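In what follows, a structure is listed as structure tokens, so that the remarks can point back to it.
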Amino acid sequence: MSAVAPTATVPEIRIRALNDAPFRPDGDFVLYWMTAFRRVRGNFALDRAADLAHVFGRPLLVLEPLRCAYPWAADRFHRFILDGMEDNRRALERAGVTYFPYVETSPGAGKGLLAALAGHACAVVGDDWPGFFHPRMLSAAGSVPAACEVVDACGLLPLRATERPWPSAYAFRRMLQRTLPKHLDTMPAERPRRGLPGPAVIPRAVRKRWPPAHGALLSGQIGLETLPLDHAVGTVPLRGGATAARRRLREFLERLDRYLDERNEPEAAAASGLSPYLHFGHISTQEILQALAGREGWTPDRVAERATGKRTGWWGMSAAAEAFLDELVTWRELGLNAAFHMPSHQSYDSLPGWARRTLAEHAADPRPNSYDVPALEAGETHDPLWNAAQNQLRRHGVMHNYLRMLWGKKILEWSASPERALEVMVELNNKYALDGRDPNSYSGIFWCLGRYDRPWAPERPIFGRIRYMSSANTARKFRVKGYIAEHGGEKGVHVDDAVST
DNA sequence: ATCGGCTCGCGCAA
DNA sequence: TGCGCGAAGCCGAT
């Protein structure tokens with residue numbers, strides 16, 4: 001099927017057919033079903049849909065749906081996604097592409113919309129994403145009445161460029177250094193293709209049953225009170241969408257030199273803060289790499305010949321840029337690799353053998369401190385640094401990178417079993433973190449339990465040979481007083497937060 | 001302040 | 001088969 005399809009701009013390896021239905025050249029439009037890469041720039045899936053629309057001489061219709069009944073659905077995620085939808089609405093309007101934002105108003109209301117539109121389409125193109133509910137959703141989507149394919153716009157390395165899960169960042173990095181160069185010269189488009197026929201006509205019956213979301217909902221003039229969400233989780237004072245992502249990227253690059261020495265300092269705003277935007281697909285790795293390249297005067301021919309697996313020296317950029325790229329590319333795509341190749345990556349059994357063994361040997365150790373979920377959730381433990389980190393997560397939807405590790409280690413220490421610790425981490429992270437439910441969130445959580453890590457001595461209670469971390473040592477190594485003052489206790493609540501609840 | 005040792009499994013060189 | 005090496009650690013010795 002893809003033999004008749006043009007692949008001028010999108011590499012074949014990123015395209016996957018979900019069924020063997022033939023293209024329908026006399027369809028009314030090509031449908032792009034946007035669910036993971038919620039952006040118009042740097043999006044191979046949108047590029048592919050636009051290529052097909054061009055070939056068939058038909059309009060492109062972009063459907064961006066938002067369900068309300070997925071696990072942990074809550075105001076903060078809805079608001080963040082809606083911000084992005086408003087950006088997409090504007091950008092597609094400028095490009096002359098028809099945009100259909102759909103926001104479910106009751107659980108399951110959106111069921112049937114994709115199939116109904118597919119019935120009129122030359123082809124359906126969707127987002128190939130290995131995390132959360134996507135794999136199951138995509139395998140069901142193959143039954144729509146049209147040719148349906150999904151495109152991998154996850155990162156620099158196509159998911160299908162590897163054939164197995166990697167056990168360590170070091171080995172994965174060495175593979176990347178060998179493999180990435182041949183993928184760096186194919187970049188997605190910087191803006192949606194112009195000049196396609198249009199507008200696409202959405203059938204009346206479809207508009208009637210699934211009315212497009214009101215502009216005032218996207219722009220925030222209408223609130224989320226009427227939607228069936230967990231309103232108790234609250235919103236966060238962070239704007240979503242591609243425009244905010246781009247602004248954040250520019251700010252980050254202005255202070256990139258601080259990244260090297262200060263990214264682990266809880267009180268320094270040295271980290272990129274891009275994780276929520278990457279999670280919802282509001283910005284692409286390629287756009288970030290291009291911005292770095294511009295700042296560093298870098299071109300792909302600067303990469304080293306030898307693949308050593310070392311963290312620095314391969315890209316041929318400044319030390320700070322390379323440290324950031326190791327997060328953005330090595331660690332992020334390592335998480336995607338796990339999600340893609342290990343359907344069990346969210347289950348305890350996917351931990352390495354040595355980790356499960358040592359944790360099992362200490363499963364019966366007494367737990368001097370233990371807290372139930374409500375106490376943890378509210379940040380009411382004996383540990384002020386941990387409480388501050390948890391409060392930051394609950395109120396802001398993000399947590400400082402270094403403290404995120406400590407946060408997980410303490411949950412292991414305070415839980416009745418490592419399996420229970422995993423459940424609690426997943427619950428709190430997915431409930432409150434904007435980048436929760438991301439493959440990277442899972443690799444971060446599993447790292448706390450030994451994934452991608454090695455055993456450490458001495459063998460300790462509860463942890464066994466799992467790497468141990470303590471709040472006392474963290475306080476010794478970094479400045480944390482201001483962080484605790486800012487996020488600890490009731491007076492840490494900001495005006496923004498008070499407004500949001 | 002800095003250093004080594006602790007411990008396991010991998011991937012590569014031999 | 002051996003060996004070097006690893007997301008951010010910890011602890012005690014110097």
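Note that these values count all heavy atoms, side chains included, but never hydrogens, waters or copies made by symmetry. Chain A is the first sequence line, chain B the second, and so forth, proteins listed ahead of strands; every chain is numbered from 1. Source: prediction; values computed, not measured.
Summarising the geometry, atom CH2 belonging to A:W166 is positioned 11.0 Å from atom OH belonging to A:Y452; distances are rounded to the nearest 0.5 Å. Distance OH/A:Y468 to CG/A:N473: 8.0 Å, rounded to 0.5 Å.
If you check the side chains of A:R367 and A:S415, you find no donor sitting under 3.5 Å from an acceptor. The closest side-chain donor-acceptor pair between A:N429 and A:R404 falls under 3.5 angstrom.
Checking C:dA8, C:dC10, C:dG6 against the side-chain heavy atoms of A:M469 singles out C:dC10 as nearest. Closest approach to the A:P455 side chain among B:dT7, B:dC8, C:dA7 is made by B:dC8 (side chain taken as heavy atoms from C-beta onward). For A:R311, the side-chain atoms get nearest to C:dA7 when compared with the rest of B:dT7, C:dA7, C:dC10. The side chain of A:W354 sits closest to B:dC8 out of B:dC8, C:dC10, B:dT7.
For B:dG11, one of the phosphate oxygens OP1 or OP2 lies less than 4.0 angstrom from a side-chain nitrogen or oxygen of A:R164. Proximity of A:R357 to the phosphate of B:dG9: a side-chain N or O atom is located under 4.0 Å from OP1 or OP2. The shortest distance between the side-chain N/O atoms of A:R467 and the OP1/OP2 oxygens of C:dA7 is not below 4.0 Å. Between A:S470 and C:dC10 there is a side-chain polar atom (N or O) within less than 4.0 angstrom of OP1 or OP2. Between A:R465 and the phosphate of B:dC8, there is a side-chain N or O to OP1/OP2 separation shorter than 4.0 Å.
The residue A:R174 sits close only to the backbone: its heavy atoms come under 4.0 Å of sugar-phosphate atoms, none of a base. Heavy atoms of A:P167 sit under 4.0 angstrom from primed sugar atoms or phosphate atoms, though from no base atom. Across all strands shown, A:R178 has heavy atoms under 4.0 Å from sugar-phosphate atoms exclusively, and none from any base. Base engagement by A:M405 is indicated by at least one non-hydrogen atom pair under 4.0 Å involving a base atom. Among the heavy atoms of the strands lying under 4.0 Å from A:N264 is at least one base atom, whether or not backbone atoms are also near. Residue contacts shown for A:E459 are absent, as no nucleic acid heavy atom lies under 4.0 Å away.
B:dT7 sits 16 Å from C:dG12 when the P atoms are compared, rounded to a whole Å. Here the separation of B:dC12 from C:dA7, taken at their C1' atoms, is 22 Å to the nearest Å.
If you measure from atom CZ of A:R173 to atom P of C:dG6, you get 9 Å, rounded to the nearest angstrom. Computed from coordinates, the A:R476 CZ to C:dG12 P distance equals 10 Å when rounded to whole Å. In this structure, the CZ atom of A:R460 is 8 Å from the C1' atom of C:dC11, given to the nearest Å. Distance A:F463 CZ to C:dC11 P: 11 Å, rounded to the nearest Å. Rounded to whole angstrom, the span from the OH atom of A:Y259 across to the P atom of C:dA8 amounts to 14 Å. Between the NZ atom of A:K310 and the C1' atom of C:dC5 there is a distance of 7 Å, rounded to whole Å. Atom OH in A:Y170 sits about 16 Å away from atom C1' in B:dC8, given to the nearest Å.
Here the options are A:R16, A:R14, A:R48, the test is salt bridge (Lys or Arg N to Asp or Glu O under 4.0 Å), and the partner is A:E149; only A:R48 passes.
C:dA8 has no stacking from A:Y402 on its base ring, since the centres under 5.5 angstrom apart and planes within 30 degrees of parallel are not both found.
Searching all strands for a Watson-Crick or G-U wobble partner of B:dT7 with both distances below 3.5 Å returns nothing. C:dA7: no Watson-Crick or G-U partner with both key distances under 3.5 Å is found in any strand.
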Candidate pair A:W314 and A:T330, rule side-chain contact (heavy atoms from CB on, under 4.5 Å), full reasoning: CA-CA 12 Å; A:W314 183 76; A:T330 308; over 6 Å; no
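Remark: aromatic rings of A:F252 and A:Y259 are close, center separation under 6.0 Å.
Of the residues near DNA chain C, A:G309 and A:S471, the one whose nearest nucleotide (by heavy atom distance) lies more toward the 5' end is A:G309.
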